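Model, not experiment: these values are computed from the prediction.
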Amino acid sequence: MKIIPAIDVIDGKCVRLSKGDYSTRKIYNENPVEVAKAFEDHGIKSLHLVDLDGAKSKHIVNQKILEMIARETNLKIDFGGGLKTPEDIEIAFDSGASQITIGSIAVQDPEFCFGLIEQFGPEKIILGADCETVK
C-alpha cells in the first residue's frame, strides 16, 4: 500500500475545509514546508499538495510553496488546484511538481486534457475525481 498525505494551502498556510466550504477553513499549521519535512522524516515518499487559493481563483497561486517544498525535501510532489491553462501547468512543473492533478477541467475541456497527456505523458497527469457518496 502507498500512503500519500495531502497538504491543502490557503494564504500560505496548511488548512482543512469541511465539505469544500472555504468559510470553514481551519489552520492546522502555519508552515507547509515544515509539515512536508515531517512527512518525509516519517518515511513518506510522495505528497499531494493542493493550492486551494488557486482552485478558487482558477489559476495557480501558491507555486512558491511548491518551490520551497521541492527544494527542501526529496518528496515526489503531485500538485493540484487552479491548473486551467498550459502556462499554469508549466509553472507547476517548473516549480518542482513531479505530477499534476486535474479535476473539473477534465469534464469541462476533455480535449485540453488529452493534449496534456500527449505533451507531458500519462505518468505526469492524474485525474482527480472527487465525488460524494449517494445513499
J.: Just by distance, no angles: are the side chains of Ser104 and Lys84 close enough, under 3.5 Å, to form a donor-acceptor pair?
T.: yes
J.: Could you state whether Leu83 and Ile117 fall into the same hydrophobic cluster, counting links through intermediate Ile, Leu, Val, Met, Phe, Trp or Tyr residues with side-chain heavy atoms under 4.5 angstrom apart?
T.: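 As far as the 4.5 Å side-chain criterion goes, Ile117 and Leu83 are connected within one cluster.
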J.: Quick one: does any side-chain atom of Glu72 pair with a main-chain N or O of Lys37 as donor and acceptor, under 3.5 Å?
T.: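 Not at all, since once roles are kept as given, no pair shorter than 3.5 Å links the two residues.
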J.: To the nearest 0.5 Å, what is the distance between CD1 on Ile102 and CG on Leu127?
T.: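 So the CD1 of Ile102 and the CG of Leu127 are separated by 6.0 Å.
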J.: Cut-off 3.5 Å, side chains only: do His59 and Asp88 have a donor facing an acceptor?
T.: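 His59 vs Asp88: no donor-acceptor pair found between side chains.
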J.: Give the minimum heavy-atom separation between Pro32 and Ile69, together with the two atoms involved.
T.: O-CD1, 4.0 Å
J.: Determine, using the 4.5 Å side-chain heavy-atom cutoff (strictly less than), whether Val33 and Leu49 are members of one ILVMFWY cluster.
T.: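 Yes, one cluster joins them.
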J.: So, does Asp51 use its side chain to make a donor-acceptor pair with the main chain of Val61 at under 3.5 Å?
T.: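 A pair under 3.5 Å: yes.
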J.: Got a second to check how far Ile44's CD1 is from Thr73's OG1, nearest 0.5 Å?
T.: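 OG1 of Thr73 is found 12.0 Å from CD1 of Ile44.
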J.: Start with the C-alpha gap between Ile100 and Phe120, add the side-chain angles, then the distance that decides, and say whether side-chain contact (heavy atoms from CB on, under 4.5 Å) holds.
T.: CA-CA 10 Å; Ile100 60 159; Phe120 297 105; 5.9 Å; no
J.: Just wondering, do Asp109 and Glu111 contact through their side chains at under 4.5 Å, heavy atoms?
T.: yes
J.: How long is the gap from CD on Gln119 to CZ on Phe114, to the nearest 0.5 Å?
T.: 15.5 Å
J.: Kindly give the heavy-atom pair with the smallest separation between Tyr22 and Ala55, and that separation in Å.
T.: OH-CB, 3.9 Å
J.: Considering non-hydrogen atoms only, spot the tightest contact between Ser95 and Gln63 and give its length.
T.: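 Scanning both residues completely, I find the closest heavy atoms to be OG-CB, 3.7 Å.
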J.: Please tell me whether Ile65 and Leu52 are part of a single hydrophobic cluster in this structure, the criterion being side-chain heavy atoms less than 4.5 Å apart.
T.: no
J.: Looking at every non-hydrogen atom in both residues, tell me the closest pair between Gly96 and Leu66 and how far apart they are.
T.: C-CD1, 4.1 Å
J.: With a 4.5 Å limit on heavy-atom distance, are the side chains of Gln99 and Lys76 in contact?
T.: yes
J.: Are Lys19 and Thr24 side-chain neighbours, meaning at least one heavy-atom pair lies under 4.5 Å?
T.: no
J.: Could you tell me the separation between the CG atom of Asp8 and the CZ atom of Arg25, rounded to the nearest 0.5 Å?
T.: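 So the gap between those two atoms works out to 12.5 Å.
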J.: Hey, could you give me the CG/CE distance between Asn62 and Met68, rounded to the nearest 0.5 Å?
T.: 9.0 Å
J.: To the nearest 0.5 Å, what is the distance between CD (Glu90) and OG1 (Thr85)?
T.: 9.5 Å
J.: For the hydrophobic clusters of this structure (ILVMFWY residues joined by side-chain heavy atoms under 4.5 Å, transitively), does one cluster hold both Phe79 and Ile4?
T.: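 No; Ile4 is not reachable from Phe79 via cluster members.
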J.: Measure from the side-chain N and O atoms of Asp11 to the backbone N and O of Lys13, and report whether any donor-acceptor pair falls under 3.5 Å.
T.: no
J.: Passes side-chain contact (heavy atoms from CB on, under 4.5 Å), Leu116 versus Ile89? Steps please.
T.: CA-CA 9 Å; Leu116 293 177; Ile89 291 162; 3.4 Å; yes
J.: For a quick test of reading the model, state the closest non-hydrogen atom pair linking Gly12 to Asp53 and the distance between them.
T.: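 What the structure gives for the nearest pair is N-OD2, 4.4 Å.
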J.: What is the minimum heavy-atom distance between Ala36 and Leu75, and which atoms define it?
T.: O-CD1, 3.5 Å
J.: Tell me, with the steps shown, if Lys64 and Glu67 meet salt bridge (Lys or Arg N to Asp or Glu O under 4.0 Å).
T.: CA-CA 5 Å; Lys64 294 296 182 194; Glu67 287 175 7; 3.6 Å; yes
J.: Applying the 4.5 Å side-chain criterion to the ILVMFWY set and letting contacts propagate, would Ile125 and Ile60 be lumped into a single cluster?
T.: yes
